[in-house]
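Since the model is a prediction, treat every value here as computed from it, not as a measurement. Each chain gets a letter, A, B and so on, in the order its sequence line appears, and its residues count up from 1.
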There are 2 protein chains.
Amino acid sequence: MTKHDIPGIVIGRLPLYLRAIQRMAQEGQRVTSSQELGERLGVSAAQIRKDLSQFGEFGKQGTGYNIKYLSAQLRRILNLDGVWDMAIVGAGDVGSALAHYQGFRDRGFQATMIFDKDSGKIGTKIGALAVQDIANMTEIIRQANIKVAMVATPADHAQEVTDQLVEAGVKAILNYAPIQITVPDDVRVEYIDPATHLQKMSYYLE
Amino acid sequence: MTKHDIPGIVIGRLPLYLRAIQRMAQEGQRVTSSQELGERLGVSAAQIRKDLSQFGEFGKQGTGYNIKYLSAQLRRILNLDGVWDMAIVGAGDVGSALAHYQGFRDRGFQATMIFDKDSGKIGTKIGALAVQDIANMTEIIRQANIKVAMVATPADHAQEVTDQLVEAGVKAILNYAPIQITVPDDVRVEYIDPATHLQKMSYYLE
DNA sequence: TAGATTGTTAATCGATTAACAATC
DNA sequence: TAGATTGTTAATCGATTAACAATC
């Protein structure tokens, strides 16, 4: 089984399944079914069973899925057994909010460094992180063996910063800049752009 | 033509097309083709032509699409001719970053109010906005005829806050809380959860 | 006119769902 | 045992792509 045997659209749903069952666990629930999970998430029970069956047999006929077990399996599949260190590029409002955000840790990630090019910001602290000079970024990231980064610069610097991250060995980039960026085949990019989400919805307004 | 004749997946791509051609316009370009646009966005030329053809004929054989014209048409289709006022719920780091964010305006939205329940925050200013008491939210939003809101509360308050927004007449919600929320059929919800994006990518790491 | 590119149809591809035997 | 629910297959549904006549 290579990574590419499984459609990306299936992989994209696994984190949603994980989030939902972790919440169920928090609420003290021990077992769930594809039906219950599907209702919570607004997807069909058949789809959940089919998705999970791509990776193994995690349920039991008649009773459903043990939540702790399924949670552990999903974390294993998604490479979330440890915690991935992340770099943040850009110490504006978005980068700052990301540096403060406490929610990553429980879900397998933590920001360990933040970079900016503004000399007025370099050296200041954002939460627990001191802003570092972007001029040294490539070397520092490579040294620390960081594989995950979040880009929170203005659009017109995003590609340049991305090139440096790739050069430094980063393999997964979460891009907050409202622009498409180009990377080699072995690097993944995901996008977060609130305005595009809002525009999707405004179509249906009025 | 009702709104539901056109697949949501097509609507979801229009903002990306718009973003790309607005950038082209900014760079002084006057005309583009489905091929060029597709290369920029990593989608096929055929898909772009097919998507656009759902709404009309915007191009010219032999030459392509006039950027200003296509941009205006997309804005019209997406209901972006004016500026939609938005409410922000939750004045933590995320709400605060959203309140400061200058990028919405050019893309058809602006935050005009922010609410929190913390009496220590109520009355303080975040950018141009004074934090208001969430206890008065429903009334204030209804009064102002606000149709769009962003939820930036902790997960365990997101549903409660959503119910109030719906009650106040909001029809589009961008939810930053890492939890699925339930709304009536005539209300749209989009989700932003950086951790799920990161988890999608970690599957491919190592 | 020759070259380029659209809008659209038909073919292909892929994803979702329904159904059910297996079995806890 | 009877009831419930899985994992999986086949059928359905929907989205993408290829191809090309129309035409700028």
Examine [N]: is either OP1 or OP2 under 4.0 Å from a nitrogen or oxygen in the side chain of [X]? Give yes or no.
| X | N | result |
| --- | --- | --- |
| Ser34(A) | dT5(D) | no |
| Gln47(A) | dT16(C) | yes |
| Arg13(B) | dA15(D) | no |
| Tyr65(B) | dA4(C) | no |

Inset, instruction - Apply salt bridge (Lys or Arg N to Asp or Glu O under 4.0 Å) to Lys171(B) and Glu206(A), showing your working. - result: CA-CA 9 Å; Lys171(B) 298 295 180 196; Glu206(A) 214 67 332; over 6 Å; no
Inset, instruction - Can you pull out how bent the helix from dG3(C)-dC24(D) to dC24(C)-dG3(D) is, comparing the axes over its first five and last five pairs, to 10°? - result: 20°
Nucleotide [N], atom [atom2] - distance to [atom1] of [X] in whole Å:
| X | N | atom1 | atom2 | result |
| --- | --- | --- | --- | --- |
| Gln35(B) | dA18(D) | CD | C1' | 14 Å |
| Ile9(A) | dA15(C) | CD1 | P | 6 Å |
| Gln61(B) | dT1(C) | CD | P | 17 Å |
| Lys50(B) | dT6(C) | NZ | P | 16 Å |
| Ile67(A) | dT5(D) | CD1 | C1' | 15 Å |
| Phe55(A) | dG7(D) | CZ | C1' | 15 Å |

Legend entry - Single hit among Arg49(B), Met24(B), Glu36(B) for side chain to side chain contact (heavy atoms under 4.5 Å, CB included) with Tyr65(B): Arg49(B)
Inset, instruction - Please determine, for the side chain of Arg49(B), which listed nucleotide (dT5(C), dA19(D), dT16(D)) has the closest atom? - result: dA19(D)
Inset, instruction - Tell me which nucleotide among dA15(D), dT17(D), dG7(C) gets nearest to the side chain of Ser53(B). - result: dG7(C)
Legend entry - From NE2 (His197(A)) to CG (Asn175(B)), nearest 0.5 Å: 11.0 Å
Inset, instruction - Using the test side-chain contact (heavy atoms from CB on, under 4.5 Å), find all partners of Val31(A) that sit at least two apart in sequence or belong to another chain. - result: none
Legend entry - Contact nearer the 5' end of DNA chain D, comparing Thr32(A) with Val43(B): Thr32(A)
